[in-house]
Novice: 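Before I ask anything, let me first share the structure, which is written out below as structure tokens.
No experiment lies behind these values; they were computed from the predicted model shown.
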Amino acid sequence: MALQYVGLNEINGSLVVLDHVKGASYDEMVEIQLKDGTTRSGRVVQIEGEKIVVQVFEGTNDLSLENTKTKLLGRPMELPVSKEILGRVFNGAGRPIDGLGEIYAEEMMDINGLPLNPVSRVYPRNYINTGISSIDCLATLIRGQKLPIFSGSGLPHDRLAVQIVKQAKVADESGKGFAIVFAAMGVTNDVANYFKRSFKEAGVMERVVMFLNLSNDPIIERTLTPRCALTAAEYLAYKQNMHVLVIYTDITSYCEALREFSSSKGEIPGRKGYPGYLYSDLASLYERAGIIKGAEGSVTQIPILTMPNNDITHPVPDLTGYITEGQITLSPELNSAGIYPPVDVLPSLSRLMKDGIGEGYTRGDHQDIANQLFACYAHVQDVKSLTSVIGEDELSPLDKQYLSFGKLFEQHFLNQGFDANRSIEETLDLGWDLVSVLPREALDRLDNKLLDEHYDHDRAVKRFHIKEKSIIKELQEAGD
């Protein structure tokens, strides 16, 4: 029999305290009835003996210490799920906000996820094509991976997220079993409308599930948003056998909500005021990516986070880097130069890339050309540093060719525009044309067999001569 408790011991912000409560569980849902008969939802967030602390989702305005009635529901927060969630828009707590009515639920799923035996995990293979050359070639997103995007203030991570949602597809020819779960946390109304409008205009809304938490919504809802999104993704992946890509932004907003929530509970703060359990809390989100034995579907994650002051040692990107399998870093310098997407390829990394590309997945020469592009662009940075000391006129002819390569690489490989959707074949062919502007003997990461098959200096010069006459002229002069 469910007991109803009358009265509250304390109200503190969005928290209420009850005493003499027996049998309560952590994360248990609570129904709170006000004196006028209206009800609010809450969740048990702290237990000390028979005293419990409840977080009220809708806030504590108009609550009375004497007349409020509280009932423990004996279950954690659950999300109603069915195939109908595709194409729908929900708030951060999983309630529909698109005016299309409630979800007819096939089942209710705990938003905290189901315990997953590590032995049942399958090593991620194959890739997800984003249509963006810098990601697909040099930091390939592998199906079942968690690959965050490290951004900064003023960088176009929102546009990049929209572009990935528009263009992403699995490597399978049909691609029918592919869905995207998109969650936005702490965004303004205009950004939320931008996401919804962009997905509808691109005609991809029928394969997208959206969770939107606005900046004026309660912070407790912000802490629920990624968990609701991941629960929807797990249902589609493991019950509907779909490959699901989860994109959620901004993890920093989530962590700041967690910090505020922790402070209101009186917990001892850790680094920069964040709770000491921030690492394990982030891990409880990121580790829900993967592939399970016996399941045809998969969950792949792209969490987006903004680094305060572009500081990669800030607790949020720092702890994220320990948990995830690489990162995609956006560059303020490339963005200032008008390059979109401004992916900084040198600090970007996909640790699972080597096992999900090559023959049978992308193309046999993928790893080799990626290694050569990376090595050449890294040498460009060395030449730029040398140029700042001795001046460009004192550079060797080969170093001048590397500078020309760097300009071509940034203008044609990294910079592709918001609407450009390149196949993996187009990306790899472009990579070969770029390295072909350099002398063959400088390409030490490629064997002679591959060079005989793909290296064509004349074709490369012709291809880029149309668009970059000044750069090609400079390159040819350096070669002379």
Novice: Evaluate Arg351 against Thr324 for side-chain hydrogen bond (donor to acceptor under 3.5 Å, both in side chains), listing each step before the verdict.
Specialist: CA-CA 9 Å; Arg351 292 190 180 95; Thr324 54; 5.4 Å; no

Novice: Using distance alone, with no hydrogens and no angle criterion, decide if His457 and Ser436 have a side-chain donor and acceptor under 3.5 Å apart.
Specialist: no

Novice: Using a 6.0 Å cut-off, check whether atom CG of Asp444 has over 12 heavy atoms from anything other than its own residue.
Specialist: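 Counting neighbours around CG of Asp444, more than 12 heavy atoms of other residues, nucleotides or ligands fall under 6.0 Å, so yes.
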
Novice: Between Tyr402 and His379, is the ring centroid distance below 6.0 Å?
Specialist: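 Ring centres of His379 and Tyr402 closer than 6.0 Å.
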
Novice: So does Glu102 have more than 12 non-hydrogen atoms from other groups sitting under 6.0 Å from CD?
Specialist: no

Novice: Distance check, rounded to the nearest 0.5 Å: Asn126 atom CG versus Thr362 atom OG1?
Specialist: 9.0 Å

Novice: Should Pro341 and Pro156 count as side-chain neighbours, where that means a heavy-atom distance under 4.5 Å?
Specialist: no

Novice: Side chains of Asp110 and Asn112: do they bring a donor and an acceptor to under 3.5 Å?
Specialist: yes

Novice: Between Asp433 and Lys462, is there a salt bridge with N-O shorter than 4.0 Å?
Specialist: no

Novice: Between Asp456 and Trp432, does a side-chain hydrogen bond (donor to acceptor under 3.5 Å, both in side chains) hold up when you go through it step by step?
Specialist: CA-CA 8 Å; Asp456 191 335; Trp432 272 107; over 6 Å; no

Novice: Write down the atom of Leu212, the atom of Asp217, and the distance for their closest heavy-atom approach.
Specialist: O-OD2, 4.4 Å

Novice: From Ile128 CD1 over to Gln167 CD, what is the distance, rounded to the nearest 0.5 angstrom?
Specialist: 14.0 Å

Novice: Which is it for Ser133 and Arg422 under the side-chain hydrogen bond (donor to acceptor under 3.5 Å, both in side chains) test, yes or no, and what are the steps along the way?
Specialist: CA-CA 7 Å; Ser133 293; Arg422 292 178 185 157; 2.8 Å; yes

Novice: Hey, what do you get for OG (Ser298) to CD1 (Ile142), rounding to the nearest 0.5 Å?
Specialist: 11.5 Å

Novice: Write down the atom of Ser350, the atom of Gln145, and the distance for their closest heavy-atom approach.
Specialist: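 Reported closest heavy-atom pair: OG-NE2, 3.1 Å.
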
Novice: Is it true that the NZ or CZ of Arg159 lies under 6.0 Å from the centre of Phe418's six-membered ring and within 45 degrees of the ring axis?
Specialist: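 Ring-cation test returns yes.
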
Novice: Would you tell me whether Gln327 and Ser348 have side-chain atoms, one donor and one acceptor, within less than 3.5 Å of each other?
Specialist: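 Their side chains do not contain a donor-acceptor pair, so the 3.5 Å distance test is not met.
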
Novice: Between Asp136 and Thr130, is the side-chain hydrogen bond (donor to acceptor under 3.5 Å, both in side chains) condition met? List the steps.
Specialist: CA-CA 7 Å; Asp136 291 343; Thr130 66; 2.9 Å; yes

Novice: Show the numbers, then the answer: is there a side chain to side chain contact (heavy atoms under 4.5 Å, CB included) between Leu282 and Cys255?
Specialist: CA-CA 9 Å; Leu282 288 173; Cys255 293; 3.8 Å; yes

Novice: I would like to know whether Ile103 and Ser82 meet side chain to side chain contact (heavy atoms under 4.5 Å, CB included); could you show each step before the answer?
Specialist: CA-CA 7 Å; Ile103 293 293; Ser82 74; 3.7 Å; yes

Novice: Could you grab the distance from atom CG of Leu230 to atom CD1 of Ile111, nearest 0.5 Å is fine?
Specialist: 10.0 Å

Novice: If you measure from the Lys or Arg side-chain nitrogens to the Asp or Glu carboxylate oxygens, is any gap between Asp318 and Arg271 under 4.0 Å?
Specialist: yes

Novice: Do Asp250 and Thr306 meet the criterion of a side-chain donor-acceptor pair at a distance under 3.5 Å?
Specialist: yes

Novice: For the residue pair Tyr235 and Glu106, confirm or rule out a side-chain donor-acceptor distance under 3.5 Å.
Specialist: yes

Novice: Could you tell me whether Arg445 atom CZ has more than 12 heavy atoms of other residues or ligands within 6.0 Å of it?
Specialist: no

Novice: Do Val209 and Phe90 touch side chain to side chain, with heavy atoms closer than 4.5 Å?
Specialist: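 With C-beta onward as the side chain, the pair touches.
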
Novice: Given side chain to side chain contact (heavy atoms under 4.5 Å, CB included), test Tyr194 with Val162 step by step and report yes or no.
Specialist: CA-CA 9 Å; Tyr194 167 69; Val162 169; 3.7 Å; yes

Novice: Go through Glu410 and Lys384 one step at a time and tell me if the salt bridge (Lys or Arg N to Asp or Glu O under 4.0 Å) criterion holds.
Specialist: CA-CA 14 Å; Glu410 290 175 357; Lys384 285 181 178 179; 3.5 Å; yes

Novice: Considering residues, nucleotides and ligands other than Glu296, do more than 12 of their heavy atoms fall under 6.0 Å from its CD?
Specialist: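 No.
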
Novice: I'd like to check Tyr279 versus Pro315 (side-chain heavy atoms, cut-off strictly below 4.5 Å). Are they in contact?
Specialist: no

Novice: We want to know whether Tyr286 and Gln301 form a side-chain donor-acceptor pair, criterion being a heavy-atom distance below 3.5 angstrom.
Specialist: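 Result is no, nothing qualifies.
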
Novice: List the atom of Ala168, the atom of Phe178, and the distance in Å for their closest heavy-atom pair.
Specialist: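 Looking at all heavy atoms of both residues, the shortest contact is O-CE2, 3.2 Å.
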
Novice: For Lys272, is the NZ atom crowded, meaning more than 12 foreign heavy atoms sit under 6.0 Å from it?
Specialist: no

Novice: Could you go through Met210 and Phe195, starting from their C-alpha distance and side-chain angles, then the distance that decides it, and tell me whether this counts as side chain to side chain contact (heavy atoms under 4.5 Å, CB included)?
Specialist: CA-CA 9 Å; Met210 286 190 74; Phe195 288 137; 3.9 Å; yes

Novice: Checking salt bridge (Lys or Arg N to Asp or Glu O under 4.0 Å) for the pair Glu256/Arg222: CA distance, chi angles, key distance, verdict?
Specialist: CA-CA 10 Å; Glu256 286 172 354; Arg222 199 162 306 156; over 6 Å; no

Novice: Hey, are the side chains of Leu346 and Gln381 touching, using non-hydrogen atoms and a 4.5 Å cut-off?
Specialist: yes

Novice: Indicate, with yes or no, if the rings of Phe409 and Tyr377 have centres closer together than 6.0 Å.
Specialist: yes

Novice: Is Asp447 paired with Lys449 through a side-chain N to carboxylate O contact shorter than 4.0 Å?
Specialist: no

Novice: For a side-chain contact (heavy atoms from CB on, under 4.5 Å) with Asp368, tell me which candidate from Leu450, Leu443, Leu451, Leu428 qualifies.
Specialist: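 Only one of Leu450, Leu443, Leu451, Leu428 forms a side-chain contact (heavy atoms from CB on, under 4.5 Å) with Asp368, namely Leu450.
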
Novice: Just so I know, are the side chains of His366 and Thr140 near enough to count as touching, which here means a heavy-atom distance under 4.5 Å?
Specialist: yes

Novice: Say you draw a straight line from CG of Leu258 to OG of Ser263; how long is it, rounded to the nearest 0.5 Å?
Specialist: 11.5 Å

Novice: So, Tyr340 and Gln163: side-chain donor and acceptor under 3.5 Å apart, yes or no?
Specialist: yes

Novice: Less than 4.5 Å apart, side chain to side chain, heavy atoms only: is that true for Leu86 and Gln240?
Specialist: no

Novice: Please report whether the ring centroid of His157 lies less than 6.0 Å from that of Phe150.
Specialist: no

Novice: Under the criterion side-chain hydrogen bond (donor to acceptor under 3.5 Å, both in side chains), which of Asn213, Asp281, Thr225, Thr249 is the partner of Tyr254?
Specialist: Asp281

Novice: Any side-chain heavy-atom pair from Arg463 and Leu430 closer than 4.5 angstrom?
Specialist: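 In contact.
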
Novice: Between Glu426 and Ser423 (side chain of the first, backbone of the second, donor and acceptor by atom type, cut-off under 3.5 Å), is there such a pair?
Specialist: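 A pair under 3.5 Å: yes.
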
Novice: Under 6.0 Å between the ring centres of Tyr248 and Phe182?
Specialist: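 Here the rings of Phe182 and Tyr248 have centres that are no less than 6.0 Å from each other.
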
Novice: Does a salt bridge link Lys239 with Glu234, judged by any charged N lying under 4.0 Å from a carboxylate O?
Specialist: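 No salt bridge links Lys239 with Glu234.
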
Novice: Is any side-chain heavy atom of Leu278 less than 4.5 Å from a side-chain heavy atom of Leu319?
Specialist: yes

Novice: Rounded to the nearest 0.5 Å, what separation is found between the OG1 atom of Thr329 and the CG atom of Leu334?
Specialist: 11.5 Å

